[in-house]
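Worksheet for the structure shown next.
In what follows, chains are A, B, ... by sequence order, proteins preceding strands, each numbered from 1.
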Amino acid sequence: MADASVTVPSINAAPVAPRRPLASRRFALELRQEMAWHRQALILGVSLIIGMGVSAAILVAAGVPANELLNEFVLQTLFDKQSLQAVLFQAAPMILVGIAASMAFRARFWNLGLEGQMIWGAIGATTISFFDVGPAALRLPLMLAMAMALGLLWAMAPTLLKLKLGVNEIISSLMLNYIASNFLLHLVYGAWKDPKDSFPYSPQFRAFERLPEWFGNVSTAAIGLALVVAVLAWWFVGISRAGLYLRFVDANPRMADAVGVPVRRMIFSAVLLSGALSGIAGFVVVAGQEGRLTQAFYAGYGFSGILIAFLARNNPLAATVVAVLVAALFVAGRNLQVFYQIPFSMVQLIQAIVVICVASSDFFIRHRIRSVVSKT
Amino acid sequence: MDVFAIATNWLGNAPDFAVPYALAALGLIVCERSGVLSLGAEGLMLVGALAGIGAQIAFGQPGVSLILAMLAASAVSVLFAVMTILLRVNQVIAGLALVFFCQGLTSLAGTLFGWTNVAVSSVGAIALWPLSALPLVGRLFNQNIVVYLTLPIFIAVVWVLTRTTAGLRLRAVGENPQAADAAGISVTAWRFAAVLAGSALVGLAGAYISVVSTKLWIAGMTGGRGWIAVGLVIFARWSPWKALAGAVLFGCVEALIPQLAAAGVQLPQYFVLMTPYAITLAVMVWVAVARRGADGEPGALGQPYVREERR
């Protein structure tokens, strides 16, 4: 760009001496073309360390003893057999919502309705259980199918509104979350309330309606399902023709349209897939962890899904790894809640700090700041 | 209960529901007219609500509490401004991160400081006699001071936006930052100013809910009102007066619900709680279907300005 300090010599007037010396130091911003991957990794690493440092400082300020932090977060969470199981159990729905978010984001669609779609997935699964649909052997596949179907349908509304009428999907999908959560409350406080006691949840699922415990471990079936979805999603975005189209749409929708990619159909299918995957996440939580429909099982998954997709750059395999880390954070957060009375929203705060640090660090990957000394 | 009493109560309560939407939407319009898409309203309202109640518990002066709440929301929005304006972070991601940052922060701080569920006393209703003695509409003129101040605040902000050089510059930066920059207007400075000023109004909306309306703090008490305000701004096509009309509409609908219940109309409770969100969705669809006339969306909304990337 042209330097603003260059003076245009006047034609009809004698040159006037500048009033101030113009030698000054200023910072110029340049766009980088590309950065070596190891430097990108370094910047990412530094930003993550800053994020964790800030989070640790807040935790210490909130009353967690500093010397307990490492113990609580790393040793207790990842090296204790029971906690590790809890992390893997928690990771299954996280992987699913993370991949769900990344599918929609790949189509440049801000699906913030993950929680609503999860709720409908869970309601779908519970419907099959509540009305005893189908034989016992087919019960779980039916619950899964119903969860996918309702999650998909709930995602269809904002998608159609966006594609047909241009309604902003950020607001519409969020509003649908609130509508879904109130409908859930309507069910668990009303018709579906467990008659055994007065708590707001549905009757407990029977044993064959719960995700099975293979190899004697509670998390195996749930994590297995999530990993199968992750591999299929990786195949879908990395290898299949539709995935290639989707990458075109992600890179530049107008260009994709020009080269003959069915852009609108790709957006439509990607968001519906996102809804179906959120539905599966809802199914995994109710048929796995909870064993019944509860009033707030979905809380926190929406933002976690967005965070996982963002940090994983919409890559399904990276999302799987990030999801396990977020799951560990959830488990650690629950431990903090029990032992130090730290509210669970601390987990939200830490997630937000990490996103802020990583998102901000992108600036240093894309730009170069140079100090320029200009002389006259 | 007779129809007359229901109508009186309904009209009397509507402003209390409308004010948070109106102030938050006005703040968002100030911010978005400068070209910064502000999805963080829900979080900033929570910050305002918590800071307001904290100040009320500490000092007991509603005026001081509301001003401190505005300052607190502005202070938190500096983080958002640095991210979006200086570091050019995607404004959607930055806004979402801000909401969750504020949700976590306020919930944690409310618990640590012991401000949760502490009832405070604050401003009462002021009757504007003789208007307040009128039948039917009398209760409209028996409101708290903030309700009365909302209209002057709107007039002042609209005047600044449309009639002053500052407002012109702010809108120019949001409409065409390249041209504004060429004209010597600092895009960075004006966007910062707009984000901070707009966030102060959003914080005031939050503090109204906690300090003036409910008179206590509960974690997550804004319950999606910030998002509704974001939808309201789209509905109003970035025009403050249409946003005020929308806020009044929402206030009337929300005030009607308890009156219907009091009148013995049996409504399923959770379907009633859905209505603000369903109506937001409905008005957004309506705006999309009936899209006509000038589109008020600022030309550079959501786009970071990068001088080096001249297009």
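For B:Ile234, the part lying under 4.5 angstrom from a heavy atom of chain A is the side chain only. Interface residue A:Leu174: only side-chain heavy atoms are found under 4.5 Å from chain B. For A:Ile356, the parts sitting under 4.5 Å from any heavy atom of chain B are the backbone and the side chain alike.
Between chain B and the residues A:Ile58, A:Leu307, A:Ile179, the most heavy-atom pairs under 4.5 angstrom are made by A:Ile179. The candidate with the highest count of non-hydrogen atom pairs below 4.5 Å against chain B, out of A:Ile342, A:Val167, A:Asn168, A:Ile171, is A:Ile171. Per-residue heavy-atom pair counts under 4.5 Å with chain A were compared for B:Val92, B:Leu281, B:Ile228, and the maximum is reached by B:Val92. Note: B:Leu105 leads B:Leu105, B:Val230, B:Leu86, B:Val82 in heavy-atom pairs under 4.5 Å with chain A. In terms of heavy-atom pairs under 4.5 Å with chain A, the best-connected choice from B:Asn90, B:Val289, B:Val99, B:Thr106 is B:Asn90. Looking only at heavy-atom pairs under 4.5 Å with chain A, the residue among B:Val89, B:Leu98, B:Leu79 that has the most is B:Val89. Residue with the most contacts toward chain A among B:Leu273, B:Val285, B:Leu87, B:Leu39: B:Leu87 (heavy-atom pairs, distance under 4.5 Å). Interface summary for chain B: among A:Val355, A:Ile170, A:Leu185, the most heavy-atom pairs under 4.5 angstrom belong to A:Leu185. For the set B:Pro276, B:Ser107, B:Gly110, B:Ala109, the count of heavy-atom pairs under 4.5 angstrom toward chain A peaks at B:Ser107. Ranked by heavy-atom pairs under 4.5 Å with chain B, the list A:Ala62, A:Ala352, A:Ser345, A:Ser361 is led by A:Ser345.
For the pair B:Arg88/A:His367, a side-chain contact is recorded, criterion being any heavy-atom separation below 4.5 Å from C-beta on. Put simply, the side chain of A:Asn182 does not reach to within 4.5 Å of the side chain of B:Gln269, judged on heavy atoms. Counting heavy atoms from C-beta outward, B:Leu96 and A:Leu112 have side chains that approach closer than 4.5 Å. B:Pro268 has its side chain within reach of A:His186: a pair of non-hydrogen atoms, C-beta onward, lies under 4.5 Å apart.
Atom SG of A:Cys357 sits about 9.0 Å away from atom CE of B:Met83, to the nearest 0.5 Å. With values rounded to the nearest 0.5 angstrom, B:Leu112 atom CG is found 9.0 Å from A:Met346 atom CE. Rounding to the nearest 0.5 Å gives a distance of 7.0 Å between CD1 of B:Ile93 and CD1 of A:Ile306.
Closest approach of B:Gly104 and A:Leu349 over heavy atoms only: CA-CB, 4.0 Å.
Using bins of under 30°, 30° to 60° and over 60° for the plane-to-plane angle, the ring pair A:Tyr189/B:Tyr270 lands in the parallel bin. Using cut-offs of 30° and 60° on the angle between ring planes, the pair B:Phe271 and A:Phe183 is perpendicular.
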